[in-house]
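Please read the structure below before turning to the comments.
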Amino acid sequence: MLGALALPVLSATTASAAPAAVSAAPASDCYDQPPLPYAVHAKAVTIRSKASSKSTALGVLYKSHKFSVAKKSGNWLYITDKSTGVKGWVSGTYVYRDIRMCLD
């Protein structure tokens, strides 16, 4: 036995029902803003003399500490701790970079 399928009736929209035009605000380009800092997301990360976990420890960065990155080598970041002046390598596994979302 076949049943009837009821479909809603669609009405055509008239031109008078069209939404009013919205003026677009100028979009801001995220690329013209400086990069956001990196921060530690583990309890602590060791600053090392070389990009190796077996190299000499030079210092420690603690959770939420922010620092700048000068260069990368694989998963290692060469950083400068601005509060102490210590320069060295940290593993990228334990740090993250804040991100910025730009909406048009």
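All values derive from a computational prediction rather than experimental measurement.
- The two atoms that bring Arg48 and Ser55 nearest to each other are NH1-O, 2.7 Å, heavy atoms only.
- Partner of Leu61 under the side chain to side chain contact (heavy atoms under 4.5 Å, CB included) criterion, out of Val45, Thr84, Val95, Thr46: Val45 alone.
- Rounding to the nearest 0.5 angstrom, the gap separating the CG atom in Leu77 from the OG1 atom in Thr93 is 9.5 Å.
- Taking the six-membered ring where tryptophan is involved, the planes of Tyr96 and His41 are tilted, since the angle between them lies from 30° to 60°.
- In terms of heavy-atom proximity, Tyr62 sits nearest to Val40 at O-CB, 3.5 Å.
- Taken together through direct or relayed side-chain contacts under 4.5 Å among Ile, Leu, Val, Met, Phe, Trp and Tyr, Val69 and Trp76 form parts of separate hydrophobic clusters.
- Qualifying ring pair (Phe, Tyr, Trp, His ring centres under 6.0 Å) partners for Trp89, counting only residues two or more places apart in sequence or in other chains: Tyr78.
- Tyr94 pairs by the ring pair (Phe, Tyr, Trp, His ring centres under 6.0 Å) definition with nothing, not counting sequence neighbours.
- Hydrophobic clustering (ILVMFWY, side-chain heavy atoms < 4.5 Å, transitive): Phe67 and Val60 are in distinct clusters.
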